[in-house]
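By convention in this document, chain letters (A, B, ...) are assigned in the order of the sequence lines, proteins followed by strands, and residues within each chain are numbered from 1.
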Amino acid sequence: MKKLFLLDGMALIYRAHFALSKTPRFTSGGLNTSAVMGFTNTLLDVLKKEKPTHMAVVFDTDAPTERHTDFEAYKAHREAMPEDLSKALPYIFKVVLGFNIPLITSDGYEADDIIGTLAKKAEQKGYQVYCMTPDKDFAQLVSDNIFIYKPARMGNDMEILGVKEVLAKWEVEKVEQVIDILGLWGDAVDNIPGIPGIGEKTAKALIKQYGSMENIIANSHELKGKQRENVEQFAEQGLLSKKLATINLNVPVELDEAGLEMCAPSKELLEPLFAELEFRTLGRRVFGDDFSIIETRAAGTQIDMFGAPVAEGRTTMQVEITDIAESPTHAAKNITNVEHEYHLADTPEKRAELVALLSQQTHICFDTETTGTDANNCELVGLSFAIKPGQGWYVPVSAVKEDCQSVVNEFKAVLENPDIAKTGQNIKYDIMILKWYNVEVKGKLFDTMMAHYVIDPDTRHNMDILAENYLGYKPVSITELIGPKGKNQGSMRDVDPEKIKEYAAEDADITLQLKTVFESKIKEAEAEKLIHEIEHPLIYVLADMEYEGVRIDEGALRDFSKELEGDIIKLEKTVYDKAGVRFNIASPKQLGEVLFEKLMLDPKAKKTKTGQYQTGEDVLLALANKSDIVRDILDFRQLQKLKSTYVDALPLMINKKTGRVHTSYNQAVAATGRLSSNNPNLQNIPIRTERGREVRKAFIPRDENHILVSADYSQIELRIIAEISKDENMRAAFTQNLDIHTATAANVYGVALDQVDGTMRRNAKAVNFGIIYGQSAFGLSQSLGIPRKEAAEIIEQYFIQFPGIKNYMADTMNFARENGYVCTLMGRRRYLRDINSANQTVRGFAERNAINAPIQGSAADMIKIAMINIHRELKAQNMAARMTMQVHDELVFDVPHNEVDKIKPIIEHHMKNAIKTEVPIMVEIGTGLNWLEAH
DNA sequence: CGAATCACGC
DNA sequence: GACGTACGTGATTCGA
């Protein structure tokens, strides 16, 4: 197969430049060598991994093309190129020529146009064409044999976008429609604004609805308000923008097949260049280990920018070839889109018939339609059911509360029947909704969202996406019913039930079909226990916790808020005085300018990639000795955060109906298996600082007859490491019940336990911490504020002392490399697609995840099991105590005084024995009149 | 509205 | 020897 790679040179240079500009750039004599290096590395990656048979790099010249309507703006744009980057340009040309890759420069045409024309011509000649350009510009040309190639970036492996990916990404049916979106959005060409007020999201939604820009303009009368006005007024400009976004496929350029054929890099050209730029590693990557810049320097010859002729006698590529591992694919797309019949059950008779049918089933699928997304604060609009593929029912309910309740009551018996298993997508939400209508859903659960989460935790579990990937079916979108997200979004309540029926019954139907697909996938992944014994039962537990909520001392927070307010104003004043200027301290941009330009606190201040000064905590702390203003700024920030995120926000989250705060636990976001919490996030309530702790005091028991009980796993992750690594030293520390950080320090520093000082313990703690979170020497040196070398030494000593841990890490990594996944004690898998990637950065991510996922994930498994068992026992014993919060390794309960003594052993027992381990598991339980006291 | 920056917990 | 370095949620600013 002939494989042609077409590169947009300028786009790649900018990419290399910005990727590296986060860190201080390596510049010598005004030359940005890191841009050259980044460019060369990417080029090399492509050559090695993709092995193109033909290739070309296309550069725009500085001349304007017919696509540039505003010449002045174009010139300004070109001149805005950073100086060091423009100096790098000739070097990049040399690199391209050195690799013997044809360099095409445009003459009045955009690089995109040339690439597009060549791509089309090559496609007709049977080439597979890969275009390395921003996908935004090129998405419209993708076809069966034309792909967009996105080189590996930080955190992402290389990506190839084909037709399927482009359609999904732009949410369109035809690739040509991408141009329409770009035209509307106006982001395609500089200085052509498209249609004002229409951004990417709106553009996508409109195209989805109308199919084309012309159609939108023709039907603009259907639009509302400002949007209609804009579309009508700026229609012409939008069309112009579309025209300019369109790639010109008629550039007079010939596809010179022989000329584009790949050949070996030229040692004569590249060696002196690498020597000049001191690219040792790159040199070795290209020419092998014996490459040395010292020798070549002496023999170095200068080459002209374009003067060097392409070397003769082309042979095949001599660079080392590494194979890329096939990434696992999981989409099965063979379920047919069966004929469906969806019924509207909107009369008592029809409902009775449905209830009778449902009662006979052993399992049903159901879904609720509501007026909002907050389960504790919305109304039921309808219920939908499915029992076999292709069939579905929708039951609308009245907006009148009593009528609604009576319809729900008709289905109560079915929903509460423990012998009828229930399937749903994100079924916790539906369970919560029904709780508000006095229905306690019972029966074995199957949640398609959770099912997909255990099958593949890293990807998304949104139903529309699941349906497309696994059923090859595109469901009716919710935006078709209630319009795009935003303040003008309609309510489900106002939609014709006949219309909702198609959407809602379909949802239930699809969910049911997904269940079948996922059941076999779960079997394949050996995740049956995990899903049926942990995730699904946990749904009931979480629903109860969310429904229960926690009580917040509103008055105390209001007082605290006033106190903070006063202190913040005081600090503000001090900062203004010291700075001699009034500015917005909360704006990192303004703050940076004041600190580094006005006060000149640090002449070598680092900038972020957007050109702002860095003003993060670590940066400011480093300046603390220069001026005490930074102390005030940090204090200001802390108080501001405290006030806005917690003190002022929490009272606003109090539910009007219950007077309590109902968080929402997300069971399917964290790839490690942890839960997350939002609205409000109860898992990041301050604890470290004195003032932050005040917030915890506002979490109080239900009433004077209750008390809070908090139970904490002690060092659970480290115990799990000790358990799975079987490291003797670490195990001994736990069996002897030593303070683990002190014990670690004693080992690492080779001193007796009682000789461990504060610094030693702190360092040891940080290493333990780092291992849990998959940090590296760099991360450790950052968190401890010590040189990287020192951090590396500590880590090295750590591994000598805890060889079991080192072995565990190596074993896990090997397992991951061979199997493509790692797993926790309960068999929760995490797939690591990049574990064999040739890109070091990308692979590094995967490797850290490989170590980290089993540890954090096992801890998550453990507390989940404990939660289920405690919840079950509280129910069995008919206790009034309630579990209210989970913070990764801590559980909080609202307990009547007379149950405190009874509940403590229950909690302790179930937490300690959730998973059988050899390493002892310790749990600390406390009680108190607020969370701080209990913890 | 989105991106960028910062900060909090584990 | 250079890349870049735990996750998740949320507030704020700022430019479009």
Side-chain angles (χ1 to χ4, degrees), chain A residues 16 19-20 22-23 26 33-34 37-38 41 152-155 185-187 193-194 196-202 278-282 284-285 485-487 584-592 608-620 634 637-638 640-646 648-649 663-664 666 669-672 674-689 692 695-696 712-713 716-717 769-783 788 839-845 847-849 851-853 855-856 859-860 863 886-890:
Chain A
L20 296 171
K22 282 191 204 165
T23 48
F26 294 88
T33 52
S34 13
M37 185 183 288
N41 258 319
R153 273 212 319 270
M154 203 274 288
W185 178 14
D187 199 49
I198 296 188
E200 182 180 2
K201 279 190 150 179
T202 326
E278 302 187 29
F279 286 178
R280 293 179 190 82
T281 322
L282 263 173
R284 280 201 293 276
R285 263 189 89 186
K485 254 195 192 161
K487 57 177 188 229
N584 186 350
I585 311 175
S587 162
K589 195 180 150 152
Q590 295 182 28
L591 176 65
T608 64
K609 60 178 172 188
T610 46
Q612 280 187 39
Y613 292 102
Q614 283 184 6
T615 62
E617 188 182 352
D618 48 341
V619 178
L620 292 194
L634 286 171
R637 277 215 185 129
Q638 197 207 355
Q640 176 93 352
K641 160 90 180 174
L642 215 56
K643 184 168 182 296
S644 64
T645 312
Y646 306 105
D648 288 347
T663 188
S664 169
N666 198 331
V669 276
T672 50
R674 277 185 172 185
L675 298 177
S676 80
S677 150
N678 62 15
N679 296 313
N681 183 351
L682 294 184
Q683 295 181 322
N684 72 342
I685 305 296
I687 187 154
R688 272 161 221 202
T689 61
V695 180
R696 292 205 169 211
D712 247 82
Y713 275 116
I716 186 62
E717 274 106 347
F769 205 71
I771 299 232
I772 296 170
Y773 293 130
Q775 271 186 337
S776 53
F778 178 86
L780 183 68
S781 69
Q782 288 283 299
S783 58
R788 194 161 128 185
N839 180 293
Q840 285 188 43
T841 311
V842 173
R843 195 178 59 242
F845 266 96
E847 284 172 355
R848 283 194 293 279
N849 282 335
I851 307 291
N852 172 246
I855 298 167
Q856 263 196 47
I863 197 164
Q886 191 256 35
V887 189
H888 307 309
D889 63 356
E890 176 186 6

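Within the cation-pi definition used here (under 6.0 Å to the ring centroid, within 45° of the axis), A/R843 does not qualify as a partner of A/F845.
Using a 4.0 Å heavy-atom cutoff across all strands shown, A/R637 reaches sugar-phosphate atoms only and no base atom. In this structure, A/E617 reaches the sugar-phosphate backbone alone: every heavy-atom distance under 4.0 Å involves primed, P, OP1 or OP2 atoms, never a base. Among the atoms of the strands shown, none is found under 4.0 Å from any heavy atom of A/L642.
Helical stems in DNA chain C, defined as runs of 3 or more consecutive Watson-Crick or G-U wobble pairs with donor-acceptor distances under 3.5 Å: B:1-9 with C:7-15.
For B/dA4 and C/dG4, the P atoms lie 16 Å apart once the distance is rounded to whole Å. Spacing between C/dC3 and B/dC8 at atom C1', rounded to whole Å, works out to 29 Å. Nucleotides B/dG9 and C/dA6 place their C1' atoms 13 Å apart, quoted to the nearest Å.
Taking 4.0 angstrom as the limit, A/K589 places a side-chain polar atom (N or O) nearer than this to OP1 or OP2 of C/dG15. Residue A/Q640 has no polar side-chain atom (N or O) positioned under 4.0 Å from OP1 or OP2 of B/dC6.
Here C/dC14 is the nucleotide among C/dC14, C/dT5, C/dT12 with the atom lying nearest to any side-chain atom of A/Q590. You'll find that the side chain of A/Y646 is closest to B/dC8, out of C/dC14, B/dC8, B/dA7.
Counting atom types as modelled, A/R788 pairs no side-chain N or O with a base atom of C/dG1 as donor and acceptor under 3.5 Å.
The side-chain heavy atoms of A/E617 and A/L634, taken from C-beta on, include a pair separated by under 4.5 Å.
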Any chance you could list the contact pattern along nucleotides 6-11 of chain C? Use B for base contacts, S for sugar-phosphate-only contacts and - for none, protein heavy atoms under 4.0 Å, 5' to 3'. B-BBBS
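For A/S677, the side-chain hydrogen bond (donor to acceptor under 3.5 Å, both in side chains) partners are A/T663, not counting sequence neighbours.
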